[in-house]
Amino acid sequence: MGIMLYNTLTRQKEAFQPMSGSEVKMYVCGPTVYNYIHIGNARPAIVFDMVRKYLEYRGYNVHYVSNFTDVDDKIIKAANELGEEVPRLAERFIEAYFEDTGALGVDKADLHPRVTETMPEIISFIKALIDKGYAYEADGDVYFSTRSFSGYGKLSSQSIQDLQLGARIEPGEKKKNALDFALWKSSKEGEIAWESPWGSGRPGWHIECSAMVKKYLGETIDIHAGGQDLAFPHHENEMAQSEALNEQEMARYWMHNGYIQIDNEKMSKSLGNFVLVHDIIQKHSPEVIRFFMLQAHYRSPLNFNEELLESAKNSLERIQTTVNNLKHRRRESADFGEAGRWKETASKHLQRFIREMDDDFNSANGITVLFDLIKTANLYLEEKQTSKEVLTSFLDTIREIGSALDIKVETSEGMLDEEIEALMEERVQARKSRNFARADEIRDHLKEQGIILEDTPQGTRWKREQS
RNA sequence: GGCGGUAUAGCCAAGUGGUAAGGCACGGGUCUGCAAAACCCUUAUUCCCCGGUUCGAAUCCGGGUACCGCCUCCA
């Protein structure tokens, strides 16, 4: 049946059908780089990375572009406060972004265009909008005239009249209509600026994405994604600009992820509950954070706090433990019993996983299937005789699902050093001679070093304790 | 005021007409030299409330309530 996805534009699930065969053009709005990213920024990074990887898993070739807003009011403000040059500050936080999202298992996009490197395209985009009568200059600023674009409001399903009520004109703005928005802003004395036909200034916020999408992916793309709050005004405005100029649909599918809350409250500076990824990964492993995020559907609101992370850690460990136990059993057991009724089990689970994920990237249900498989594998491990073939099918399937979601289903084994191996051997002898005091002493000693021993009918297995 | 989202066990979270997935935590049991891991049992007669439609609703309709978000360059 193929992939179904929820399209914000039509407010329903639709069959996913890219424009050209298996090629998918996907654009995700990236961060404004003036600080470390917080946990709310991490969600779109993670969920759309998941979407991308799942599409690839399903055989699509994804062209993935995500921008950096590396010049805007907030960056200028932050730079002033720190007494740092804008480009240096932006560069610093771009590096931090890659570091943080990389830890969370987010792959780099194929391209990460920056505003400052897209200036010629932005300027000609604006010029073309003025020429077509969709934008006007006012004293060095350029505004998009929302009234001139008939489709304005269709993404957020609001009428111009309703929007008008909430809109206002800030002091100093020279727009004709409160709903108009800046394409180009003239610079103040001493501010970082670029030359343009309207004098020196910098781009407005929304125009960069329109220019970048067109430059790097084309006039129409398949998927345009971002946080829910970007739907209005950011995406609405992007869409208006692009469709006014190109006279064709900007994106076929619009995807928006739900918000993250901290203890059921909005994360905001005034509440002082900002959680930076940079900080939280000092205390909780980034793999757990990714797993936690994917345990909820991407469009649902998601509450975040450390207890929830702790619980997610235990859940993930259940998977890792089973993988470890499967590996141990396959290694230690000389059994090659009949596969029997277990033979098809893993592949059936894999089919279920695909069915769930095909339904609007429901990673929550995908992970449930993984747990069902874990349960089945654990039951199989209770059998006296196990077949290597079945053990391998369980292991391979768990790994396949793990890699489709890019969650960490197995812990790194590392090498045991000689001292530890010697102690384990000594303990085997101690247990044989029923010297349990010594055996327990060794087990406790190793536990202090993060090595956990478990005795099974197939011998002693070990695993490293997770941080 | 306009637009939108969410309300399911102690906690998290699936489930859009067919009789409540899964995970975490808790309790009991099996296994074990003891543990650990695992398995088994137990844990929501019920899905925010009130009406309605239906043979049948957490799921559809009407009306409420609560919380959250957007309309303020905040993902």
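In what follows, chains are A, B, ... by sequence order, proteins preceding strands, each numbered from 1. Just so it is clear, the model here is predicted, and its values are computed rather than measured.
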Checking A/Lys175 against A/Phe181: charged group under 6.0 Å from the ring centre and within 45 degrees of the axis?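 No cation-pi geometry.
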
Does the structure place the NZ or CZ of A/Arg299 under 6.0 Å from the centre of the six-membered ring of A/Tyr6, at an angle of no more than 45° from the ring's axis?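 Verdict for A/Tyr6: a cation-pi partner in A/Arg299.
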
So, OP1 or OP2 of [N]: does either fall under 4.0 Å of a side-chain N or O from [X]?
| X | N | answer |
| --- | --- | --- |
| A/Asn303 | B/rU6 | no |
| A/Lys375 | B/rC40 | yes |
| A/Asn257 | B/rA75 | no |
| A/Arg318 | B/rA38 | yes |
| A/Asn314 | B/rA25 | yes |

Of the nucleotides [options], which one has an atom closest to the side chain of [X]?
| X | options | value |
| --- | --- | --- |
| A/Ser157 | B/rC3, B/rC11, B/rA75 | B/rC3 |
| A/Leu302 | B/rA37, B/rA13, B/rA21 | B/rA13 |
| A/Tyr259 | B/rA36, B/rG23, B/rC70 | B/rC70 |
| A/Ser311 | B/rA38, B/rG22, B/rG23 | B/rG23 |
| A/Pro233 | B/rC39, B/rC71, B/rG33 | B/rC71 |
| A/His38 | B/rC39, B/rA13, B/rA75 | B/rA75 |
| A/Glu454 | B/rA75, B/rA36, B/rC11 | B/rA36 |
| A/Pro301 | B/rG2, B/rA37, B/rU6 | B/rU6 |
| A/Asp229 | B/rC70, B/rU6, B/rA35 | B/rC70 |

With distance as the sole criterion, do the side chain of [X] and the base of [N] form a donor-acceptor contact below 3.5 Å?
| X | N | answer |
| --- | --- | --- |
| A/Gln158 | B/rG2 | yes |
| A/Thr368 | B/rA21 | yes |
| A/Arg443 | B/rA35 | yes |
| A/Asp455 | B/rC34 | yes |
| A/Arg11 | B/rC3 | no |

Sticking with atom [atom1], work out how far [N] lies from [M], rounded to a whole angstrom.
| N | M | atom1 | result |
| --- | --- | --- | --- |
| B/rG15 | B/rG5 | P | 15 Å |
| B/rA36 | B/rC68 | P | 42 Å |
| B/rG56 | B/rG63 | P | 23 Å |
| B/rA35 | B/rC47 | P | 42 Å |
| B/rU54 | B/rC3 | P | 31 Å |
| B/rG28 | B/rU43 | C1' | 12 Å |
| B/rU53 | B/rU45 | P | 26 Å |
| B/rU6 | B/rU19 | C1' | 25 Å |

Measure the distance between the ring centre of A/Phe371 and the centre of the six-membered base ring of B/rG22, then answer whether it is under 5.5 Å with planes under 30°.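 The base of B/rG22 is not stacked with A/Phe371 (the test needs centres under 5.5 Å and planes under 30°).
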
Quick one: [X] [atom1] to [N] [atom2], roughly how many Å, whole number?
| X | N | atom1 | atom2 | value |
| --- | --- | --- | --- | --- |
| A/Asn362 | B/rU16 | CG | C1' | 14 Å |
| A/Leu379 | B/rC41 | CG | C1' | 14 Å |
| A/Ile319 | B/rG23 | CD1 | C1' | 9 Å |
| A/Leu453 | B/rU32 | CG | P | 19 Å |
| A/Lys313 | B/rC11 | NZ | P | 23 Å |
| A/Trp254 | B/rG4 | CH2 | C1' | 17 Å |
| A/Leu326 | B/rA37 | CG | C1' | 12 Å |
| A/Ile262 | B/rC68 | CD1 | P | 15 Å |

Both A/Asp359 and A/Phe292 contact RNA chain B. Which one's nearest nucleotide lies toward the 5' end?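 Going by which nucleotide is closer to the 5' end, it is A/Phe292.
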
Heavy-atom nearest nucleotide on RNA chain B for A/Asn325 versus A/Gly204: which residue maps closer to 5'?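 Its nearest nucleotide lies further toward 5', so the answer is A/Asn325.
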
If you look at every heavy atom in A/Thr118 and A/Met212, which pair is closest and at what distance?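 Result for this residue pair: OG1-CE, 3.6 Å.
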
Mate of [N] where both pairing distances stay under 3.5 Å, Watson-Crick or G-U:
| N | value |
| --- | --- |
| B/rA66 | B/rU6 |
| B/rC34 | none |
| B/rU42 | none |
| B/rC11 | B/rG23 |
| B/rC60 | B/rG52 |

Evaluate A/His112 against A/Phe98 for ring-ring contact (aromatic ring centres under 6.0 Å, His included), listing each step before the verdict. CA-CA 11 Å; A/His112 282 281; A/Phe98 283 134; 4.9 Å; yes

Using a strict 4.0 Å threshold on nitrogen-to-oxygen distance, state whether A/Asp360 and A/Lys13 make a salt bridge.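 Result for this pair is no, no salt bridge flagged.
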
Hey, can you tell me if A/Tyr54 and A/Phe353 have their rings parallel, tilted or perpendicular (30° and 60° cut-offs)?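 Correct class here is perpendicular.
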
Measure up the A/Trp254 and A/His224 rings against each other and bin them: parallel (under 30°), tilted (30 to 60°), perpendicular (over 60°).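 Taking A/His224 first and then A/Trp254, their aromatic rings lie parallel (interplane angle under 30°).
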
How many angstroms lie between NZ in A/Lys53 and OH in A/Tyr64, if you round to the nearest 0.5 Å?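 Going from NZ on A/Lys53 over to OH on A/Tyr64, the span is 9.5 Å.
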
With a non-hydrogen cut-off below 4.0 angstrom, is [X] in contact with a base, only sugar-phosphate, or nothing?
| X | value |
| --- | --- |
| A/Ile260 | base |
| A/Thr69 | nothing |
| A/Gln261 | sugar-phosphate |
| A/Arg427 | base |

Chi angles and distances behind the ring-ring contact (aromatic ring centres under 6.0 Å, His included) call for A/Tyr36, A/Tyr97: CA-CA 7 Å; A/Tyr36 293 103; A/Tyr97 176 86; over 10 Å; no

ring-ring contact (aromatic ring centres under 6.0 Å, His included) assessment of A/Phe93 paired with A/Phe68: CA-CA 10 Å; A/Phe93 287 115; A/Phe68 284 119; over 10 Å; no

